[in-house]
Amino acid sequence: MAPTTLTADQAHARLHELTVIDVRTPGEYASGHLPGAHNIPLDHLDAALPALRTAADRGDLLVVCASGARAAQACRSLADQGITAAVLTGGTTAWTQLGHDTHRPAGTRAPWAMDRQVRLAAGSLVLTGLVAGQRWKAARWLSAGVAGGLVFSALTNTCGMAKILAELPHNQPRATDLDATMAALTG
């Protein structure tokens, strides 16, 4: 069953009554998020289940990511645990396109969004394979491998490169951030 969805305008009108959970990486979250959103990266969702259950008992949850795909995945995981949540259709991309306000944590620089990080890494690897392939023909396989990975990513709507990049230190939440988020949700 597909999760419930809210458009950016619907969510904006109800923002005061929703608990917003942003499942993007901390770097993406720091680049701009819905006002009052709590950052729980998708790969940390299981650890936050008790806090999310408490928050859902108090009111409606809205799960947000950049486009809505990760938020839908999170909502399905939450539904498997008996927690109801809605997805922001189009994610923060749709939210900002409509001119709704976004917040950034004080004192943070705006890191690149995950899709931009993937484009840089994929493009750099392809270019490296092509340039090195001028001297060592076997290096062209690097470009072919990345191209194959991008096709697989599109066909399966998954991204192995994003999962790898999400493990980099600048994309990792600090333990205190996740702990503080869970405390805010249960408090």
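If you read the sequence from its start, that first residue is 1, and numbering goes on from there.
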What side-chain donor-acceptor pairs closer than 3.5 Å can you find for residues 14-23, not counting sequence neighbours?
from, atom 1, to, atom 2, distance (Å)
R14, NE, E17, OE2, 2.7
R14, NH2, E17, OE2, 3.1
R14, NH2, D60, OD2, 2.6
D22, OD1, R24, N, 3.0
D22, OD1, R24, NE, 2.9
D22, OD2, R24, NE, 3.2
D22, OD2, R24, NH2, 2.8

- Tightest non-hydrogen contact, residues A11 and L62, listed as CB-CD2, 3.7 Å
- Task: Scan side-chain atoms only and decide if T25 and E28 contain a donor-acceptor pair under the 3.5 Å cut-off.
- Result: yes
- Item | Under 3.5 Å side-chain donor-acceptor pair for D46 and H44 | no
- Closest non-hydrogen contact found for G133 with A139 is N-CB, 3.7 Å
- Query: Quick one: CD1 on I164 to CD on Q117, what's the gap to the nearest 0.5 Å?
  - Reply: 12.5 Å
- Query: Out of T7, D9, T102, T89, which one pairs with W95 under the side chain to side chain contact (heavy atoms under 4.5 Å, CB included) rule?
  - Reply: T102
- Should the pair H12 and H100 be assigned to parallel (<30°), tilted (30 to 60°) or perpendicular (>60°) ring geometry? parallel
- Counting only N and O atoms by type, is there a donor-acceptor contact under 3.5 Å from the side chain of Y29 to the main-chain atoms of I40? no
- Query: What is the distance from atom SG of C65 to atom CE of M114, rounded to the nearest 0.5 Å?
  - Reply: 12.0 Å
- Item | Heavy-atom pair with the smallest gap, counting every atom of P41 and P26 | CG-CD, 4.0 Å
- Message: Show, in sequence, the C-alpha distance, side-chain angles and deciding distance for V118 and C159, and conclude whether the side chain to side chain contact (heavy atoms under 4.5 Å, CB included) test is met.
- Response: CA-CA 9 Å; V118 168; C159 187; 4.1 Å; yes
- Query: To the nearest 0.5 Å, what is the distance between CG (L52) and CD (Q81)?
  - Reply: 10.5 Å
- Residue pair T96 / L98, side-chain heavy-atom distance below 4.5 Å: no
- Message: Are L168 and L165 packed together at the side-chain level, in the sense that at least one heavy-atom pair is separated by less than 4.5 angstrom?
- Response: yes
- Message: Donor-acceptor pair, distance only, cut-off 3.5 Å: does the side chain of H33 make one with the backbone of H103?
- Response: yes
- Message: Rounded at 0.5 Å granularity, tell me how far CG in L45 sits from OG in S77.
- Response: 6.0 Å
- Query: Can you tell me how far the CE atom of M161 sits from the OG atom of S153, to the nearest 0.5 Å?
  - Reply: 9.0 Å
- Message: If you count every heavy atom of other residues, nucleotides or ligands that lies below 6.0 Å from R58 atom CZ, does the total exceed 12?
- Response: yes
- Note on the structure: V87 and C75 have their tightest heavy-atom pair at CG2-SG, 3.4 Å
- Query: Same hydrophobic cluster for L42 and L88, using side-chain heavy-atom links shorter than 4.5 Å among ILVMFWY?
  - Reply: no
- Item | Separation of L6 CG from T4 OG1 (nearest 0.5 Å) | 8.0 Å
- Message: Is the shortest side-chain heavy-atom distance between V63 and L78 below 4.5 Å?
- Response: yes
- Task: May I ask you to decide if A66's main-chain N or O and T93's side chain share a donor-acceptor pair within less than 3.5 Å?
- Result: yes
- Item | Atom CG of D57: over 12 foreign heavy atoms under 6.0 Å | yes
- Run the numbers on V64 and T92 for side chain to side chain contact (heavy atoms under 4.5 Å, CB included), then give the verdict. CA-CA 7 Å; V64 178; T92 55; 3.5 Å; yes
- Find out whether E167 and D43 are in side-chain contact, i.e. whether some heavy atom of one side chain is under 4.5 Å from a heavy atom of the other. yes
- Does T186 reach the main-chain N or O of A51 with its side chain, forming a donor-acceptor pair under 3.5 Å? no
- Message: Just to verify, which of V126, L120, L127 counts as forming a side chain to side chain contact (heavy atoms under 4.5 Å, CB included) with S124?
- Response: L120
